[in-house]
Amino acid sequence: MNSSLLSGLNPEQRQAVTLPHQSALILAGAGSGKTRVLTTRIAYLISSGAVSPHGILAVTFTNKAAKEMVTRLTAMLPINTRGMWIGTFHGLCNRMLRAHFREANLPQTFQILDSGDQLSAIKRLMKAMNVDDEKFPPREVQSFISGSKEQGLRASEVEAYDPYTRRKVEIFAEYDAQCQREGVVDFSELLLRCYELLSRNAALREHYQERFKHILVDEFQDTNKLQYQWLKLLAGNNNALFAVGDDDQSIYAFRGANVGNMQELTRDFHVQNVIKLEQNYRSHGNILDAANALISNNRNRLGKNLWTSESGGEQLRVYEAETDVDEAKFIVEEIQQLKRDGVNLTEMALLYRSNAQSRVLEHALVSAGLSYRVYGGLRFFERQEIKHALAYLRLMENTDDDNALLRIINFPTRGIGTRSIEQLQEAAKMNSTTLFDAAARAGGKVSAFVGLIESLRSATRELPLPEIMDHVLDHSGLIAHYQNETGAKKRESEERLENLNELVNAATMFVHEAEDDSLTAFLTHASLEAGEHQAGDSEDALHLMTVHSAKGLEFHTVFITGLEEGLFPHQNSQREDGGLDEERRLMYVALTRARRRLYLSFAQRRMLHGQVSYGMVSSFLRELPEGLLHWITPRFSARKTFDTSSFETNSYVNAFASGAPEKTQPLPHAVWRIGQRVFHQKFGEGVITGIEGSGADARVQVNFKRAGSKWLALEYAKLTAV
DNA sequence: CGCACGTGGTTTTTT
DNA sequence: ACCACGTGCG
């Protein structure tokens, strides 16, 4: 065994890595070497002879994490990881379903619907079922279906107590039937189908249980119910489930993640002692102390306190801006100074709670000539032109795929209008056939389209993937379509052409790298790894992203922006149960991204949804110990509760711009205006965000820190200015 | 068919 | 403010 594997590990890490064959829960704090432990554990198991690479199943959430694991593993061990089962839940389920497509009752070349494809499939179905999409918004139906599947439930198993839900269940059932007819599966179906395959087929289940002696899971706190059931099934009675996670970083409950799985795991797998990795190798002391103080306000934690052997380092820098624009200006100045001090732009990140906040920041960065990259935009394989190109390939692979057919039957336009398509759909329904079969029986332009697909298929049958791609782009008319674009759309089309060219490159790369270089494999890759294909990493550029997408990353300097009540924590989170705790974990994630320097900023007013909104400083900022903070602007300058004079000198340009007459001030000494901080006996502290009416009818809208937004009649409500 | 205009909505996101 | 989407017209 390679003993150098263990060198440099702290006692807890070492304990985790060298555990005997037993299930374990590793509570791994931010920056505590989680990925290192996971990969070293695998390397340890293999090199000590406990298990062969063949017997390992390692599961992650993102392709990036899976790739990272493989990279680190190959650096540690001279083994071929190709035969190993390391991947995302979806990737691994796909792999099993491909291997056992018959048992899973799927066509060999089943295609995967991404969320966009799924939504259009649902819309199409609802139209066919005559469902009112006002009463049943397709997006809601979509999340109902995915949500149910992620709970492990089929339509027949969902409990519906009201007509509304019953109707959604009907749509759910029809939707699954439609997918089955068309030979496609959506993301959650990959998991559910795989789960059902294993639970119904004892021979297969036993085969895999026999094989995967060690199952390792990353980011376990993010697993949903179905994923946990799937893991339990594979673990059986004898295999070791090694789960690594951090309940304090659970920020995806809104999409079905169930932190409760951590407690369930300790029960179900009789985990005696949870190993805690609490030494943080990332951040300076003050940053960690702030993070610890913040998260200690959450209840129901498994309990864990990060520490570091590093010194305290700098205090956290706090900046109160008058407006969002000023906030951005300040950040830009700081970045320029940091740059002069020798910090690379790549080592800095600007974090925000919601994507809309990036605009102002971007604007300031552009004016200052600073290069940046916004993460989480439109992904390569989700671009319209790419989806069109892939739809041709999909239809060639599987003519049952009505979704693909509808996408391209008239793109580029070939004179097949809405009417012809409707007729086609009627004919298909009448004869219970696919659209493609119906089209084959039609005449004129429609059958010409069928001919096109068939000729594409026969012409490319023997070709390698990149050449198939080339041929299809050419002969489908896609290239010509974008080349012919002139005028306003010219630029856009040029970019699309570049992307199509890039698609051929992607196919070439894929053929070189993948074990299986078939067209089906490439299409799967496109659905499952839509985001992986992004260019332009090399440039020294700032990182702009939401706090969510920052999870797992670290930077020398981090700016957490928009620390205002209602924004972060977000307004909508207050309605949901446990919403505020999740927001706090989000803030915890944000804080722990920084290694050396952390900026926390907020603005007194900002543009939101097209109008000026006035916010109060985030309660999260107040939860940080004063001693760790360095206020760049005077502490709560304009809002000290005992000093309104400085507040009143602020120029609130549009305070009465909405046309409310001056006499909306019933109390002689109180000047009610937007932005005014007030106190209410019952609701507590708040800020006026709107004024309406006059005299006895005057009402003000107050955004209360605790109670949320309320309209109050000034005649009755006892408000005091603070 | 494609454009122009109107409407609604607007937390977070991976697969 | 801004964007995506849908409808109605030329």
Side-chain angles (χ1 to χ4, degrees), chain A residues 59-66 87-94 112-120 123 133-134 137-139 143 146 149-150 185-192 194 218-219 222-224 226-227 250-257 324 351-360 363 375-379 381-382 384 410-420 481 485 487-489 524-532 545-552 562 566-576 579 582-583 585-587 589-590 606-613:
Chain A
V59 198
T60 62
F61 275 86
T62 65
N63 292 297
K64 199 176 157 202
T88 62
F89 279 100
H90 295 85
L92 296 168
C93 286
N94 172 65
I112 299 165
L113 302 184
D114 68 20
S115 333
D117 299 330
Q118 185 187 27
L119 188 62
S120 43
K123 283 182 184 164
D133 59 5
E134 304 247 301
R139 277 181 195 285
S143 72
S146 301
K149 289 188 184 182
E150 278 157 19
V185 297
D186 60 48
F187 286 137
S188 33
E189 181 71 23
L190 279 172
L191 289 167
L192 184 53
C194 185
D218 191 17
E219 306 273 18
D222 289 337
T223 49
N224 61 36
L226 176 58
Q227 286 160 339
S250 156
I251 55 173
Y252 286 113
F254 74 91
R255 66 170 197 217
D324 47 356
L351 308 184
Y352 34 81
R353 174 68 236 273
S354 59
N355 285 305
Q357 289 166 250
S358 78
R359 184 174 310 283
V360 182
H363 187 79
Y375 287 74
L378 186 60
R379 310 238 266 297
F381 284 110
E382 282 169 4
Q384 186 208 99
N410 199 33
F411 192 94
T413 48
R414 42 178 72 90
I416 303 175
T418 331
R419 198 65 259 274
S420 318
H481 173 263
E485 209 68 71
K489 284 198 172 170
T524 300
H525 165 81
S527 308
L528 253 29
E529 299 180 39
E532 297 308 289
M545 62 187 93
T546 62
V547 181
H548 280 92
S549 24
K551 191 166 83 150
L567 242 198
F568 194 6
H570 197 275
Q571 193 84 64
N572 297 4
S573 71
Q574 317 213 319
R575 311 242 166 282
E576 294 145 38
E582 179 145 317
E583 293 288 306
R585 290 193 293 270
L586 199 50
M587 179 67 177
V589 167
R606 72 170 62 235
M607 282 301 265
L608 219 56
H609 312 314
Q611 47 184 347
V612 183
S613 77

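Since we're looking at a predicted model, the values are computed, not measured. Per chain, numbering begins at 1; letters A, B, ... match sequence-line order.
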Test item: I112(A) and H90(A) side chains (from C-beta on) under 4.5 Å apart, heavy atoms | no

Student check: side-chain heavy atoms of H525(A) and F381(A) closer than 4.5 Å = yes

Give a yes/no answer on whether the side chain of [X] brings an N or O atom under 4.0 Å of OP1 or OP2 in [N].
X       : N       : result
T546(A) : dT13(B) : yes
R379(A) : dT14(B) : yes
N355(A) : dT11(B) : no

Nearest-nucleotide pick for [X], side chain only, options being [options]:
X       : options                  : result
N63(A)  : dT12(B), dT15(B), dA1(C) : dT15(B)
R359(A) : dC2(C), dT12(B), dT14(B) : dC2(C)
L528(A) : dT11(B), dC1(B), dT15(B) : dT15(B)
T413(A) : dT15(B), dC1(B), dG6(C)  : dC1(B)
R139(A) : dC5(C), dA1(C), dT14(B)  : dC5(C)

Under 30°, 30 to 60°, or over 60°: which ring-plane class applies to Y252(A) and H548(A), parallel, tilted or perpendicular?
-> tilted

With nearest nucleotides of DNA chain B determined for R414(A) and F187(A) from heavy-atom distances, which residue corresponds to the more 5′ nucleotide?
-> R414(A)

With a centroid cutoff of 5.5 Å and a plane-angle limit of 30°, would you call F254(A) stacked on dT12(B)?
-> yes

Centroid distance under 5.5 Å and plane angle under 30°, H548(A) vs dT12(B) = no

Give one of base, sugar-phosphate or nothing for [X], where a contact means two heavy atoms less than 4.0 Å apart.
X       : result
L351(A) : nothing
E189(A) : nothing
N410(A) : sugar-phosphate
Y252(A) : sugar-phosphate

[X] [atom1] to [N] [atom2], straight-line distance once rounded to whole Å:
X       : N       : atom1 : atom2 : result
Q357(A) : dT11(B) : CD    : C1'   : 10 Å
L378(A) : dA4(C)  : CG    : P     : 9 Å
E583(A) : dT11(B) : CD    : C1'   : 7 Å

base_contact_polar (dT15(B) base, S115(A) side chain, donor-acceptor, <3.5 Å) = yes

